[in-house]
2 protein chains.
Amino acid sequence: GPHLLVVGNEKGGAGKSTLAVHLAFALMKMGLTVGVLDLDVRQRSTDRYLDNRARWADRCGEPLPMPQRFTLSASSARNLDTADAEEAEAWQGFRDSVKGLDIVVIDTPGGVTHLSNLAHGSADTVVTPINDSFVDFDLLGTINPATMKVERPSLYGEMIWDARKRRAARDKKPIDWVVVRNRMSMLDARNKRRVGEGLKELSQRIGFRIAPGVCERVIYRELFPRGLTLLDMGQFPDDTPASMSHVAARQELRDLLIVLKLPALAG
Amino acid sequence: GPHLLVVGNEKGGAGKSTLAVHLAFALMKMGLTVGVLDLDVRQRSTDRYLDNRARWADRCGEPLPMPQRFTLSASSARNLDTADAEEAEAWQGFRDSVKGLDIVVIDTPGGVTHLSNLAHGSADTVVTPINDSFVDFDLLGTINPATMKVERPSLYGEMIWDARKRRAARDKKPIDWVVVRNRMSMLDARNKRRVGEGLKELSQRIGFRIAPGVCERVIYRELFPRGLTLLDMGQFPDDTPASMSHVAARQELRDLLIVLKLPALAG
Ligand SMILES: Nc1ncnc2c1ncn2[C@@H]1O[C@H](COP(=O)(O)OP(=O)(O)OP(=O)(O)O)[C@@H](O)[C@H]1O
Ligand SMILES: Nc1ncnc2c1ncn2[C@@H]1O[C@H](COP(=O)(O)OP(=O)(O)OP(=O)(O)O)[C@@H](O)[C@H]1O
Ligand SMILES: [Mg+2]
Ligand SMILES: [Mg+2]
């Protein structure tokens, strides 16, 4: 079946939806056949991004490249065991239905949901964006405030660690877990260094790889109402600050994709 | 009873916990007796901020001003109707227990939870931070991509609107709803203007007030491991960029508090 790439972080606003959308279009630009599933069934930022794109394409009378879209509903059962069973069945139905695609990018919600857990359990790659912040870091690992060293993994860090252990125990191909710093500023030298050191230490303890970070750039969010991304923009012949930022953004996405080492890109 | 200030936005990472903590300490600095309740029962960023502070105070052997802390558990019942009933009872217990405080600041999780809904329903003031982004805006209202005008309120915008209608229908004091732009950058002129115009239009349609925004500043997040805030920092005699940012940050919080028009501050 296709490679399942889950974009996950139970911390809100880490950049999951932003990364899911931009990875999907970057992968399409590199020639892969891409599916997208938005498991944030309430807020649906990724679905809305793609809906906006379809509407904008209609409005302009110009087709725009679109990934193949999948959707799953959450159960509305008032008993959680019933709901979990319904969702497990829907999840299996989704897995049986994805054929002929190189990769499916799965956006997940902040917080913890059963559907998100099912997706994490089946992922080939989990990409976890985090803000350059110990508030976000706190979901991955706890920091000793005197030494700024990592004390232990915490909530989301443990969740992934357990999912990987269970997979390894079933002799399945291990989950590749990659953490990406997002919304990085050009300033904040001391905080950036400390978060970087904490990530490096935690990566060795709980086994994730660290990908090149993504900077805070208005181009990553400005085009949401039209469903466009910087990958739709023409090549800029000039060297205005805006186009320099777009060129840098393309490079960021390309560097990130290289580090993800996705099988379909290896050929 | 005390003024209930709920910091709410179902959009993740809008800055709820950051604002909840900084508002609490700013209000204490202005002489109010302040309580804090963290309703993000899983991630508990606000509880962890305050736990870090208590540990740091111990470590330094120096007491630090602390708000009065409250806590509520989510129900673990597998039947949602049972869970809702248990939480409604716990919520009432909390309301009966808060005495002798000017104000309680209530942090809520991203997403939708029953406890968060109960808090929104009882709020005197709801403060909603949002990122300067149409991705965040999308939870308040939908934008027409051609005109960039507001089409209609959406998920969270409707949720608050309904809560306010129900309160008004019971002849109760209306909820004061205030939206605060957060993590504002000094750049992004066009996007900033568009989001600003969208907010202004939506505020007239669904009835929130817009408070002065809060900028992206590393000082708002850098001190989390020690549970400190810029309000604990001494006055800086120098004019380095860092201390200029701290001075500006204090002013931002003060300007925001003035606009909140909290009764206890009116005296
Ligand atoms: N690299 C970036 N540069 C600029 N803005 C960004 C970047 N990444 C994310 N954002 C903005 O930050 C906010 C949070 O991002 P996003 O919605 O993608 O996070 P999320 O993890 O999907 O959040 P949620 O937990 O609510 O699903 C949005 O307003 C988004 O537009
Ligand atoms: N004004 C600011 N300046 C700098 N960093 C900020 C600011 N506001 C928030 N942040 C950072 O942005 C991230 C999101 O903020 P925060 O955790 O307070 O949001 P939240 O709405 O409580 O998120 P959640 O939905 O997960 O509860 C954190 O890493 C925080 O440190
Ligand atoms: Mg999202
Ligand atoms: Mg929070």
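If you're wondering where the values come from, they're calculated on a predicted model, not measured in any experiment. Computation of the quantities below employed the complete heavy-atom set of this structure, encompassing side-chain atoms and omitting hydrogens, waters and symmetry-equivalent molecules.
Annotation: salt bridge (charged side-chain N to carboxylate O under 4.0 Å, His left out) contacts involving residues 144-154 of chain B, sequence neighbours excluded, are absent. Applying the salt bridge (charged side-chain N to carboxylate O under 4.0 Å, His left out) test to residues at least two apart or on different chains, the pairs with a partner in residues 134-145 of chain B are R48(A)-D138(B).
For a residue to count as touching a neighbouring chain, one of its non-hydrogen atoms must lie under 4.5 Å from one of that chain's; by this rule K11(A) touches chain B with backbone and side chain alike. Heavy-atom distances place both the backbone and the side chain of L155(B) under 4.5 Å from chain A. For N191(A), the parts sitting under 4.5 Å from any heavy atom of chain B are the backbone and the side chain alike. In this structure, chain B has a heavy atom under 4.5 Å from the side chain of S154(A), while its backbone stays farther away. With a threshold of 4.5 angstrom between heavy atoms, R59(B) approaches chain A through side-chain atoms but not through N, CA, C or O. Neither the backbone nor the side chain of V195(B) comes within contact range of chain A; no heavy atoms are under 4.5 Å apart.
Taking S133(A), P109(A), G110(A) one by one and counting their heavy-atom pairs under 4.5 Å with chain B, the maximum is reached by S133(A). Contact count versus chain B (heavy atoms, under 4.5 Å) is highest, among R55(A), Q43(A), R190(A), K192(A), for Q43(A).
Here the side chains of R226(A) and M148(B) are in contact, with some heavy-atom distance below 4.5 Å. Contact check for S185(B) versus E216(A): no side-chain heavy atoms found under the 4.5 Å cut-off.
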Inset, instruction - Any chance you could lay out the side chain to side chain donor-acceptor pair (under 3.5 Å) test for R183(B) and N131(A), step after step, and finish with the verdict? - result: CA-CA 12 Å; R183(B) 303 193 71 177; N131(A) 280 290; 3.2 Å; yes
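For the pair R221(A) and D188(B), the salt-bridge criterion is met [side-chain N within less than 4.0 Å of a carboxylate O].
Of residues 80-89 of chain A, those residues lying under 4.5 Å from chain B by any heavy-atom pair are L80(A), D81(A), D84(A).
Residues passing the salt bridge (charged side-chain N to carboxylate O under 4.0 Å, His left out) test with R205(A): none are found, sequence neighbours excluded.
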